[in-house]
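The first residue in the sequence is number 1, and the count goes up from there.
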Amino acid sequence: VQLQASGGGLVQAGGSLRLSCEASGGTFRTYVMGWFRQAPGKEREFVAANSRSGVSTYYADSVKGRFIIARDNAKNTVYLQMNSLKPEDTAVYYCVARFGEIDYARDKYDYWGQGTQVTVSS
């Protein structure tokens, strides 16, 4: 499975961005999809994940209420809508996929995209 993320950029605090991740080479609806991020000098951390059907979603406490993950199985794409962005959201964001159930641990995810940079200025 190949994952291609896009949509990162520079935004002011309080602004919004939408990340997209298109999957190819597999059966999209069979994968749990998610997003991780890594800020400079910090470990890669879980951001959000979405069940195969899209019905169940899970978020890190730090983004709950501000970010929304959604998927379109017809387009093989998962999205991360990021609202009320803060400077501490600055990171490289990675799209991920795995078989099985949603998990918060990065080593549980089988497939990773190349990452897209999100920078939030104060």
Side-chain angles (χ1 to χ4, degrees):
V1 175
Q2 290 79 48
L3 303 174
Q4 182 68 45
S6 61
L10 173 64
V11 64
Q12 288 188 330
S16 298
L17 279 176
R18 188 177 81 156
L19 306 183
S20 300
C21 175
E22 184 174 0
S24 60
T27 304
F28 185 74
R29 66 179 183 276
T30 65
Y31 295 99
V32 164
M33 300 297 298
W35 294 89
F36 279 71
R37 68 184 181 185
Q38 187 167 20
K42 295 188 176 181
E43 292 191 352
R44 201 167 292 189
E45 63 176 5
F46 173 84
V47 176
N50 192 304
S51 64
R52 292 184 295 271
S53 67
V55 171
S56 298
T57 55
Y58 296 82
Y59 298 94
D61 288 343
S62 58
V63 307
K64 203 171 292 183
R66 300 188 297 122
F67 290 12
I68 300 171
I69 186 171
R71 66 192 292 162
D72 186 337
N73 284 350
K75 295 183 178 180
N76 291 353
T77 301
V78 63
Y79 305 96
L80 186 68
Q81 177 66 43
M82 304 185 294
N83 302 318
S84 301
L85 282 161
K86 304 174 181 180
E88 51 263 44
D89 294 317
T90 295
V92 176
Y93 283 72
Y94 296 90
C95 175
V96 297
R98 73 181 301 264
F99 291 111
E101 303 304 317
I102 289 176
D103 202 290
Y104 297 95
R106 61 180 182 266
D107 62 351
K108 298 296 186 182
Y109 285 83
D110 306 295
Y111 304 101
W112 290 74
Q114 84 287 3
T116 185
Q117 176 71 46
V118 171
T119 303
V120 184
S121 63
S122 57

Same apolar cluster: [X] and [Y], side chain cutoff 4.5 Å:
X: V92; Y: V96; result: yes
X: L19; Y: L85; result: yes
X: L3; Y: F99; result: yes
X: V118; Y: W112; result: no
X: Y94; Y: L17; result: no

Original post:
Does D61 pair with K64 as a salt bridge, N-O distance under 4.0 Å?
Top reply: yes
Subject >> Chi angles and distances behind the side chain to side chain contact (heavy atoms under 4.5 Å, CB included) call for M82, V63 >> reply: CA-CA 8 Å; M82 304 185 294; V63 307; over 6 Å; no
**OP:** Kindly indicate, with the supporting measurements, whether the criterion side chain to side chain contact (heavy atoms under 4.5 Å, CB included) is fulfilled by I102 and S51.
**Re:** CA-CA 6 Å; I102 289 176; S51 64; 4.2 Å; yes
Original post:
Does the side chain of W35 come within less than 4.5 Å of V78's, by heavy atoms?
Top reply: yes
Subject >> Atom CD of E45: over 12 foreign heavy atoms under 6.0 Å >> reply: yes
Drop me the distance from [X]'s [atom1] to [Y]'s [atom2], to the nearest 0.5 angstrom.
X: L80; Y: Y93; atom1: CG; atom2: OH; value: 7.5 Å
X: E88; Y: S122; atom1: CD; atom2: OG; value: 10.0 Å
X: D72; Y: Y79; atom1: CG; atom2: OH; value: 5.0 Å
X: M33; Y: T57; atom1: CE; atom2: OG1; value: 14.5 Å
X: Y31; Y: R52; atom1: OH; atom2: CZ; value: 11.5 Å

When you measure from the side chain of [X] to the backbone N and O of [Y], does any donor-acceptor pair fall under 3.5 Å?
X: Q114; Y: A5; result: yes
X: Y59; Y: I69; result: yes
X: Y109; Y: D103; result: yes

To check you understand the geometry: which heavy-atom pair defines the closest contact between [X] and [Y], and what is its length?
X: P40; Y: T90; answer: CD-O, 4.5 Å
X: S62; Y: R37; answer: OG-NH2, 3.4 Å
X: S20; Y: T77; answer: CB-CG2, 4.4 Å
X: Q117; Y: A91; answer: NE2-O, 3.4 Å

Original post:
Between S16 and N83, do the side chains contain an N or O donor and an N or O acceptor separated by less than 3.5 Å?
Top reply: yes
**OP:** With sequence neighbours excluded, give me every disulfide (SG to SG under 2.5 Å) pair touching residues 27-59.
**Re:** none
Subject >> Residue pairs, two or more places apart or on separate chains, that pass salt bridge (Lys or Arg N to Asp or Glu O under 4.0 Å) and touch residues 106-122 >> reply: E43-R106
**OP:** Take R71 and N73 through the side chain to side chain contact (heavy atoms under 4.5 Å, CB included) test and state the conclusion after the steps.
**Re:** CA-CA 6 Å; R71 66 192 292 162; N73 284 350; 2.8 Å; yes
Original post:
What orientation do F36 and F46 show, parallel under 30°, tilted 30 to 60°, or perpendicular over 60°?
Top reply: perpendicular
